[in-house]
Amino acid sequence: MATVRKSKGRQRVEMTKMTKESNLQVTFLKRRSGLSKKASELCNLCSVEIAIIVFSPGKKVYSFGHPCVESIIDRFLKRNPLPNSSALQLFELHRSANLCDLNMQFTQVLNQLEMEKKCGNPLTQMR
């Protein structure tokens with residue numbers, strides 16, 4: 001018995017500049033949160049230091065950094081690595097362990113929020 005598909009499924013979206021300002025802003029917000037989430041996961045999984053600075057279409061500045069944006073930018077501009085002291089390494093290990101726990105909690109809360117939003121959509125459509 002052959003099954004007939006009702007839709008084409010998920011299609012690839014062509015990467016072109018959006019013309020509608022409202023669509024542009026919504027897409028930016030969705031992709032910005034995804035970018036921050038991926039950067040956080042990269043920090044947790046690979047123990048890397050990362051800094052991301054994004055300027056929105058509305059001229060707002062958003063940043064994400066681990067351990068912090070300022071220290072990473074300073075290191076990049078000065079081309080100066082941090083001194084390799086054992087006390088600093090212990091401090092960084094302790095801080096990264098705490099950040100790892102906090103990032104995991106943040107990811108769990110984001111996932112719960114997404115699930116609540118998905119559950120809320122059918123309720124609003126019924127009204």
Side-chain angles (χ1 to χ4, degrees):
M1 187 182 255
T3 59
V4 179
R5 292 189 177 181
K6 296 179 182 177
S7 69
K8 293 181 180 180
R10 186 173 177 175
Q11 297 292 312
R12 185 176 183 96
V13 177
E14 187 178 337
M15 299 298 269
T16 59
K17 182 165 170 76
M18 295 182 166
T19 55
K20 289 183 76 176
E21 188 69 29
S22 60
N23 291 352
L24 183 71
Q25 190 67 21
V26 169
T27 301
F28 169 76
L29 291 175
K30 287 181 181 179
R31 291 192 178 240
R32 179 184 57 93
S33 64
L35 181 64
S36 298
K37 186 175 179 180
K38 289 293 182 184
S40 174
E41 291 172 357
L42 184 63
C43 292
N44 290 336
L45 295 173
C46 303
S47 299
V48 298
E49 296 179 2
I50 191 167
I52 298 173
I53 301 171
V54 181
F55 294 90
S56 75
K59 308 297 185 244
K60 292 184 180 177
V61 179
Y62 299 93
S63 64
F64 173 83
H66 173 74
C68 71
V69 176
E70 291 83 10
S71 67
I72 295 171
I73 290 175
D74 287 342
R75 281 184 52 204
F76 176 76
L77 292 175
K78 293 178 183 176
R79 306 237 188 260
N80 233 357
L82 291 175
N84 198 9
S85 71
S86 60
L88 181 62
Q89 287 177 343
L90 286 174
F91 175 74
E92 286 296 323
L93 285 173
H94 178 69
R95 187 165 75 177
S96 66
N98 287 339
L99 283 175
C100 181
D101 291 339
L102 290 173
N103 281 333
M104 286 191 329
Q105 290 175 4
F106 177 69
T107 303
Q108 289 173 351
V109 169
L110 278 179
N111 290 337
Q112 288 175 353
L113 178 63
E114 288 176 14
M115 293 299 290
E116 291 294 327
K117 284 181 180 178
K118 288 179 183 176
C119 291
N121 283 341
L123 293 176
T124 57
Q125 291 174 355
M126 292 174 63
R127 292 183 185 172

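Atom set for the values below is all heavy atoms of this structure, side chains included, hydrogens, waters and symmetry mates excluded. Please read these numbers as outputs of a predicted model, since none were measured by experiment.
- Summarising the geometry of N111 relative to K37, their closest heavy-atom pair is OD1-NZ, 3.5 Å, with the distance given to 0.1 Å.
- Under the 4.5 Å side-chain heavy-atom criterion for ILVMFWY residues, no single connected hydrophobic cluster contains both F76 and I50.
- Remark: E41 CD to N103 CG distance equals 9.5 Å, nearest 0.5 Å.
- Distance CZ/R31 to OG/S33: 10.5 Å, rounded to 0.5 Å.
- E21 places a side-chain heavy atom less than 4.5 Å from the side chain of L24.
- With sequence neighbours left out, V61 forms a side chain to side chain contact (heavy atoms under 4.5 Å, CB included) with I53, F55.
- The hydrophobic cluster containing F64 also contains L29, counting ILVMFWY residues as joined when their side-chain heavy atoms lie under 4.5 angstrom apart, directly or transitively.
- Between the S71 side chain and the C68 main chain, a donor and an acceptor come within less than 3.5 Å of each other.
- Placement of L35 and F28 within a single hydrophobic cluster is found when ILVMFWY residues are connected by side-chain heavy-atom separations under 4.5 Å, directly or transitively.
- Annotation: the span from E14 atom CD to R12 atom CZ amounts to 10.0 Å, rounded to 0.5 Å.
- Closest non-hydrogen pair, C43 versus H66, comes out as SG-CB, 3.5 Å.
- L42 and I52 fall within a single hydrophobic cluster, where Ile, Leu, Val, Met, Phe, Trp and Tyr are joined by side-chain heavy atoms under 4.5 Å apart, directly or via other members.
- At distances below 3.5 Å, at least one donor-acceptor pair connects side-chain atoms of S36 with backbone N or O atoms of R32.
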